[in-house]
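A note on names: the letters A, B, ... follow the listed sequences, proteins ahead of strands, and every chain is numbered from 1. Just so you know, these numbers come straight off a predicted model, no measurement behind them.
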Amino acid sequence: MNVVPEKLTAKDFATDQEVRWCPGCGDYAILRGVQNALALIGAKKENTVFVSGIGCAARFPYYVATYGFHTIHGRAPAVATGVKLANPELDVWVVGGDGDMLSIGGNHLMHVVRRNVDLQLLILNNEIYGLTKGQYSPTSRAGTKSPSTPMGSVEQPVSALVYALGSNARFIARSIDSLQKHMPEVLKRAHAHKGTSVVEILQNCIVYNDDVFADITERSIASDRQLQCEHGKPLLFGKDKNKGLRMNTQTLSLETVTVGENGVTEADVIVHDEKNRVLATLLAALEPPMPVALGVIYCDPAPSYETGVMAQVDAAKAKAPNPQLNGLLRAGYTWTRS
Amino acid sequence: MSSASASVAATTQRPREELESVVIRFAGDSGDGMQLTGSQFTQAAALAGNDLATFPDFPAEIRAPVGTTFGVSAFQINFGARKIMTAGDQLDVLVAMNPAALKVELHNLRIGGLLVLDTDEFDERNLKKAGYAASPLNDKSLDKYRVLQLRISDLTMEAVKESGVSKREALRCKNFWTLGLVYWMYGRELTFTTDWIQRRFGKEPTLAAANTAALKAGHAFGETAEISGDISGFTVRPADLAPGLYRTVSGGEALAWGLVAGTQLAGLRLFFGSYPITPASPLLHILSTLKQFDVVTFQAEDEIAAACSAVGASYAGMMGITSSSGPGVALKGETIGLAIGTELPLIVVNSQRAGPSTGMPTKTEQSDLYQAVYGRNADAPLVVLAARSPADCFEVGIEAVRLATRYMTPVMLLTDGYIANAAEPWLVPDVTKLKPFPATFATDPAGFHPFRRDDKTLARNWAVPGTPGLEHRIGGIEKSYDTGHISYDSANHQRMTNVRKAKIDNIAHDIPAQVVEQGTETGELAVIGWGSTFGPISRAVSNMRGEGFDVSQIHLRHIWPLPANLGELLRGFKQVIVPEMNTGQLVTVLRAEYLVPAKGLNKVSGQPFKIGEIETAIRAALEQ
Ligand code: SF4
């Protein structure tokens, strides 16, 4: 008898655990977005694993009704690599914040991306340490005042996506906690990509860093500060979609132009090519007052790590079918005493 | 002393002298191929039926400056017609390929021992590099020994000249010339090594021809030369070993195979996550060649990732294993705590080395026992096992898998640099006769929660991703005993801490009762050890018992939990001595656990115990 599996809804991916983020935290919206994405892609609960490290964002697995492993600070990518190598059939998601992924776990992030382990890696970036009560993080802007930097931070921040590209990422995308329609679609693309898909989600920490992304999300300026990257489409933005990005060949940088002004036509605006690594690097680095790139910024698949590892295991097994340990122990020089 | 090269002539061979055992050490520059020479000689001795123990002793630097004392690489082998327990205290024969080797190693040679020297290397430059003001060949400093001064470099050049190799290549054949001579000394067959040369240099026929010619020339030199009058050939008869099929095995090999065997007995697949570190890397190298056994190896970006990947693999249903040496294990500490808290099987192999910090990476020590037993934050008990010899690693590897999976716990498996690299003959077991201990995965959703426990073992059930209906979340946060959900309840934390401790403590009843290796079960003195001190302790105790001393030997495999009967056993002796290559770690544990007046015998020189050192301690204890 063929049982047609019931289509799961976002609700089916919620657990009975009381969610313990601060009221108004952007993580709620991201949780909702992820649960919607799981329903959208038809994820199977039993085959899905969420792995996290430590931090506010890392509480994520407790609230998703799949398999979940809440590990230790910074190490989720390494644990997830072991999970995926043990069972490549599993659909593995890694969730962490900016401190977890880019400070204590920066090394593991680099290597999971470089190896291209097939998993979705969500960086919930709120530019602050939430769980430890508000210290500046590796993505905090210079000058950020925090309990550990009362006179302002004198460090320069790291860009999550530029770092990922520098580590040879084959997929990078960005969304915002409040973009409830956008986020599931981006996550769907990330899921479809075989290899490490790095997705940065800008997340508002209402308690320690409220409105840090206001220069991107504030309703009055949002359309000028948010650029939707769509493969094959011109990089246009603005309320009237008449602003665009043009390559300044003199300075090798992106510049904002307005179509219809100063002789600029739509043909001058760059058409997004998600396989173009150079363009991706320029887009990933954009920050206000330029528009911030959202959507799939780069996607150029390459063989995934676990596929290569298992291919070697399979090749070794094919070469030596049904190997006997007794045979191994007796290979080489042996002698018999009677 | 006469230069032997002058007297190469057909002579009547003197009868071979019979010896019970011989300790020989090949020492030379790092580039002289001493490790190769030693391992070839080891195989030849094994094939001749001797029992044996080896001790490769090489410098930390990959290529130290040529001719310096810190570039000296040595390989020691003790072989005999009797049971061999250690690589030997004092040398019967020292082969020194240059002045630096002589300078570093001479103090190990017994008075009257045989010294084989390549005099071609004793020029002013090399003497100076070794720190000799005057040549030891010309003063009386070597008079206590029998010295064979041979122009080995010249003789090798002469031997290989037909093969057409360059001068540089010719000189690199010196070790084979020397090996040939030593083969002659002990009446060994050349075939093992000539076959090896063919395999090794198959694609470079001139090198194969040169090395073979050097080997044969060295051998022929022994046969035809009347070497300095008082050196004859020797016979070392086969040892009386149990019948069966033998091979030589290093600790690295035996451990890799034991872990594979254990994983098979558990019905699991093996995952090995590791980061290169001396002296633990052989395990990574060996396991990475065993993919046909469904072994997955992962060279991680660091020690932490290595341990984390193993925990992730265990979570997903494989036998996760990681390995390192002390400094690396320190880095893995937090991850081991995660495996303790989430109660996942994990094996952590520690090939101990001299420390603290980087210490002396290639020198052996047993100073990580505290780290293994106690070295984590919070109350974090786990199982600690220790292998006593290279071959013993096989059984200990299996036992580690058994305990890790049956009790859902990390197991720390201690070896050391000596065990990892040394080799010994091994009566090859039939793995099909080993008793399986299949691991079980939870599959039934009825009443499931991730921390439901087995009444007897207290192990939680193991539910792996991919199993429908058992989706659950685990992590480092404290879990509710009753539901497995996160819990900050203080009474629950007490209960969970208690059950984690009880689970490990109970293992004491699932491991063999501690036996006495030698001697009576009660008496005047027990010598109790663990790990690679087994060899020297065994020989020392057997020698002293031979002299009529009332001394028994106890050797631990299970360091934590300790065997259930150990306290009673120790209390049956008036005195207890604990020899360890640390400043007194097991002795502290034993005193703390059993309140017995155990005393330490401690050494941290980077070299294994000498039998004589332990004998002296036994004598002192019993004659006081
Ligand atoms: S501290 Fe900030 S990030 Fe953490 S839960 Fe509260 S609002 Fe969210």
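Residue contact with chain B, scored on non-hydrogen atoms closer than 4.5 Å, involves the side chain of A:T15 exclusively. Contact of A:L90 with chain B is made through the side chain alone, with heavy-atom distances under 4.5 Å. Proximity to chain B is limited to the backbone of A:T66, based on heavy atoms less than 4.5 angstrom apart. Both the backbone and the side chain of B:A261 come within contact range of chain A, each with at least one heavy atom under 4.5 Å from a heavy atom of that chain. Only the backbone of A:V64 comes within contact range of chain B, judged by heavy atoms closer than 4.5 Å. Proximity to chain A is absent for every atom of B:L270, based on heavy atoms less than 4.5 angstrom apart. Of the two parts of B:T335, the backbone and the side chain both hold a non-hydrogen atom closer than 4.5 Å to a non-hydrogen atom of chain A. Proximity to chain A (any heavy atom under 4.5 Å) is restricted, for B:A242, to the backbone atoms N, CA, C and O. For chain A, the nearby parts of B:L245 are the backbone and the side chain; heavy atoms of each come within less than 4.5 Å. When heavy atoms are compared at a cutoff of 4.5 Å, B:T432 approaches chain A by way of both its backbone and its side chain. With a threshold of 4.5 angstrom between heavy atoms, B:P450 does not approach chain A through any atom at all. With a threshold of 4.5 angstrom between heavy atoms, B:Y246 approaches chain A through its backbone and through its side chain. Interface remark: A:Q324 contributes backbone atoms only to the contact with chain B (heavy atom separation under 4.5 Å).
No option in A:L187, A:V198, A:V94 other than A:L187 meets the side chain to side chain contact (heavy atoms under 4.5 Å, CB included) test with A:L122.
In this structure, B:D240 does not pair ionically with B:R82, as no charged nitrogen and carboxylate oxygen lie closer than 4.0 Å. Residues B:E303 and B:K332 are paired through a salt bridge, judged by an N-O separation under 4.0 Å between the basic side chain and the carboxylate. The existence of a salt bridge linking A:R115 and B:E301 is confirmed by a sub-4.0 Å separation between a basic side-chain nitrogen and an acidic carboxylate oxygen. Contact check on A:K194 versus A:E306 returns a salt bridge, with a Lys/Arg side-chain nitrogen under 4.0 Å from an Asp/Glu carboxylate oxygen.
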task = Could you walk me through whether A:Y333 and B:F192 pass the ring-ring contact (aromatic ring centres under 6.0 Å, His included) test, one step at a time?
result = CA-CA 9 Å; A:Y333 278 81; B:F192 173 79; 4.4 Å; yes

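In the displayed structure, A:K188 atom NZ is contacted under 6.0 Å by at most 12 heavy atoms of other residues, nucleotides or ligands.
In terms of heavy-atom pairs under 4.5 angstrom with chain A, the leader among B:F293, B:F394, B:W257 is B:F293. Contact count against chain A (heavy-atom pairs under 4.5 Å) is highest for B:E334 among B:E253, B:R269, B:Q43, B:E334.
The aromatic rings of A:Y67 and B:Y315 lie perpendicular to each other, with more than 60° between the two planes, well past the 30° mark.
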